[in-house]
Amino acid sequence: MQKSFAMAALLAASCGAHAASDADLAAIRAQIDDMKKTYEQRIAALEQRLVQAESQASSQAKSEKSVPAPSPVENRQSVAPTNAFNPEVSLILQGQYRHAKNVPGRGITGFVPGGEGLNTRGFSVDETELVLAANIDPYWRGQVIVAMADGQANIEEAWFQSLAIGQGVGLKVGRYRSSIGYLNEQHPHMWDFADAPLMYQAMFGEGASYVQDGVQLKWLAPTSLFVELGSEIGRGANFPGTDHNNNGTGGGALYIHVGDDVGVSNSWRAGASWLKTRASERSSDFVEQLGGNVAQGVFNGDSSTWLADFVWKWAPNGNSAHQNFKFQSEYFVREEKGSLNATSVDSSYKTRQSGWYAQGVYQFTPQWRAGLRYEQLDSGTRDFGANAANLVVDSYRPKKASAMVDCSWSEFSRVRLQIAQDKSMFGITDNQLTLQYVMSLGAHGAHKF
Amino acid sequence: MKHFIFACFFGLTVGSAQADLKIFATVPEWGALAQEIGGGKVKVYTATNAFQDPHRIEAKPSLLAQARQANLVIAAGADLEIGWLPLVLRDSGNAAIQNGQPGYFQAANFVNRLELPATLDRANGDVHAAGNPHTHLDPRNVLKVGEALTARMAELDAPNAAAYQAGYQAFAGKWQTAMTRWQKDAAPLKGVPVLVHHASFVYLLNWLGMKEVGTLEPKPGIEPTSGHLTGLLARQPGAPAQMVLRAAYQQEGPSQWMAGKTGMPAILLPYTVGGTPEAKDLFGLFDDTLQRLLKGLR
Ligand SMILES: [Zn+2]
């Protein structure tokens with residue numbers, strides 16, 4: 001613990017530090033600058049002569065009134081013309097030091113886990129993300145994001161989107177992060193905290209995002225109020241659904257986003273979304289009432305998730321470079337209905353669970369930001385029908401409070417210290433400390449609001 | 001292809017007849033120029049103001065909503081808007097304003113860009129890979145961009161082509177006169193060495209024959225650090241600067257510190273239209289810029 005604080009202090013100190021300037025280098029630079037200035041002045045003189053010549057020519061043309069002025073030639077000079085057709089490449093390096101309690105199979109009490117559980121402690125490197133993107137032709141643009149970890153490379157996203165349909169219509173086809181909610185579309189390097197809110201882990205498992213293989217169709221209304229309607233259909237293979245090798249679709253979503261500015265300093269976006277998936281043979285662990293042994297339960301049925309999200313951003317005069325504040329909150333309700341087979345007993349299965357988080361992040365200097373997050377889930381009602389007598393039904397309200405400070409040397413490098421009190425598991429109060437880095441190499445990607 | 005898809009999803013085509021050319025300008029200077037040329041025939045929406053760092057704009061919902069309806073997007077170009085505009089264009093669902101379409105105009109493509117880097121390495125900071133994009137502070141560039149923009153507006157809105165040509169001719173005439181005046185007034189500024197906060201004034205200094213002897217940012221896009229400022233201060237006796245310049249959107253702290261240590265004046269320049277109360281339009285922008293520079297000389 002003390003060591004990690006020392007490390008944080010070290011990193012923080014270097015964040016405020018500066019590159020030592022070498023006197024020789026400075027002198028050389030000054031010489032080069034001088035040379036450059038001389039050339040620039042010469043070019044300027046030439047330009048001026050050109051402008052004069054042009055204006056004479058155009059006045060001649062005007063007086064003759066015969067030849068239309070030649071339209072100016074567009075000059076799209078770039079530094080590396082041979083590379084111009086290659087995709088934009090960027091790479092995200094992310095890793096952390098984490099101090100937490102050892103809880104094998106870490107989960108959230110009262111919620112069906114969507115993965116093995118995140119119990120990594122000490123030093124670790126997160127998935128390394130490789131992003132490739134380019135316009136395919138005037139009609140389409142493509143992007144792929146590969147997440148690399150030891151011995152594996154996962155296709156996180158691989159899609160193409162329309163550029164030329166017009167009328168506010170956007171089409172995306174392939175594997176994509178669903179546009180439901182606010183955080184769902186954001187990759188971990190864009191998060192304001194070192195981990196995803198409990199709500200996203202409860203909804204979608206470790207990845208904390210719903211990824212769909214399918215088609216997204218959205219429409220932006222021709223109004224000065226931002227109104228975006230979207231629909232998605234696809235394979236629905238990911239938790240809370242399961243993979244079906246069927247004809248037809250396994251899941252779908254609908255969403256609406258609305259947003260605007262308030263004055264010059266504030267802007268906001270609000271959204272509502274609905275996600276429907278189907279699960280067959282979705283197995284998860286339950287606890288037997290007698291003896292307390294772990295029992296495998298298999299769920300078949302439908303899962304519906306409703307989400308509401310809200311983001312408010314403030315920056316003085318809309319200039320977010322120096323100071324800004326961001327408030328963000330989301331709420332979800334999930335209902336699952338179907339059948340459960342556990343301890344060789346078939347029963348009905350009906351649950352209704354919910355949760356929310358709210359967070360605020362304040363950037364008080366160009367380099368430093370600080371943020372607080374509070375979140376709570378409600379295991380809600382879980383009706384296991386005939387299995388109610390066999391299985392333990394946890395009723396619990398998982399809670400977590402987090403605080404973070406981060407420092408960015410530039411737009412491309414960031415280090416973050418986060419402390420959290422995690423009460424997401426019954427009977428365990430886990431005080432966590434995370435020291436995290438996020439580094440972006442390569443192309444300057446544009447970030448969503 | 002385009003029509004096929006569209007018909008598939010909606011089975012109808014919506015004819016959009018509009019009286020005005022709807023222009024989405026990313027920065028105030030080019031919005032102001034479009035207004036000069038288009039007059040009453042255009043409706044100009046300016047996405048940012050003079051107090052916002054043009055390198056750090058976010059893809060706000062309001063910008064998407066405006067881009068959706070635009071016939072023409074005027075960008076500064078040279079990657080100035082790389083952090084937000086590509087996203088806004090793609091998510092706008094507006095086919096007319098995509099890169100490569102006539103409805104997408106980049107001002108920097110029509111001027112001779114300065115500071116094209118020989119090598120690209122972020123070790124040099126957030127360098128502008130396509131050259132310095134702050135091209136508008138050389139009034140000769142304003143004319144070049146104006147001419148190209150007029151042609152583009154005429155292409156997109158042929159019925160009003162003559163009006164745009166006339167608008168541009170009237171503007172260019174006044175501009176030429178103003179330029180002669182500015183060049184005469186600015187004569188004392190020639191050769192004056194200055195420090196700048198960010199390389200926002202390269203074209204201005206180049207036009208006026210002034211000398212940039214250093215930037216307060218250690219590298220482009222990196223905020224001034226005390227170490228770097230001290231280094232600049234140490235260089236002052238050898239290569240003295242006479243004033244330190246910053247744009248309206250930049251923090252005053254670093255240039256005030258420099259001014260306090262050296263006694264040179266710290267000068268706020270409007271940088272773009274709206275940056276000072278005097279810089280109401282493009283003429284005001286240059287009038288006020290020169291006045292502030294000349295005042296710094298005294
Ligand atoms: Zn710049």
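What you see below is based on every heavy atom in this structure, not just the backbone, and it leaves out hydrogens, waters and symmetry mates. By convention in this document, chain letters (A, B, ...) are assigned in the order of the sequence lines, proteins followed by strands, and residues within each chain are numbered from 1.
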* With side chains defined as the heavy atoms from C-beta onward, is the minimum distance between Y182(A) and R269(A) less than 4.5 Å? ->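 Yes; the side chains approach each other to less than 4.5 Å.
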Q: Please determine if R122(B) forms a cation-pi arrangement with F412(A), meaning its NZ or CZ atom is less than 6.0 Å from the six-membered ring centre and no more than 45° off the ring axis.
A: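 That pair qualifies as a cation-pi contact.
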Which heavy atom in [X] sits nearest to a heavy atom in [Y], and how many Å separate them?
X: G221(B); Y: R56(B); value: O-NH2, 4.0 Å
X: H128(B); Y: P117(B); value: O-CD, 3.5 Å
X: A59(B); Y: W84(B); value: N-CB, 3.9 Å

Polar side chain donor-acceptor pair, S62(B) to D261(A), under 3.5 angstrom:
yes
Using non-hydrogen atoms only, which part of [X] is less than 4.5 Å away from chain A: side chain, backbone, both, or neither?
X: L64(B); answer: both
X: Q251(B); answer: both
X: D79(B); answer: neither
X: N49(B); answer: side chain

Under 4.5 Å, counting heavy-atom pairs only, tell me which of [options] racks up the most with chain A.
options: P61(B), P218(B), A65(B); value: P61(B)
options: R90(B), Q66(B), Q98(B), H55(B); value: R90(B)
options: I222(B), N94(B), D91(B); value: D91(B)

Given 3.5 Å as the limit, does a donor-acceptor pair link the side chain of R113(B) with the main chain of A130(B), or not?
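Yes: the side chain of R113(B) pairs with the backbone of A130(B).
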* Asked: Relative to chain B, which of H257(A), H447(A), E228(A), K313(A) shows the most heavy atom pairs under 4.5 Å?
  ->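 Of H257(A), H447(A), E228(A), K313(A), K313(A) has the most heavy-atom pairs under 4.5 Å with chain B.
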- Task: Determine the option with the most heavy-atom pairs under 4.5 angstrom with chain B, choosing from G170(A), A443(A), G442(A), S410(A).
- Result: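 That would be G442(A).
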So, the part of A221(A) with a heavy atom under 4.5 Å from chain B: the answer is backbone
Let me know if S224(A) has heavy atoms under 4.5 Å from chain B in its side chain, its backbone, both or neither.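 Interface part for S224(A): both.
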**Report entry** F160(A) and W140(A) aromatic centres sub-6.0 Å
**Finding:**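 Yes - the distance between ring centres of F160(A) and W140(A) falls below the 6.0 Å cut-off.
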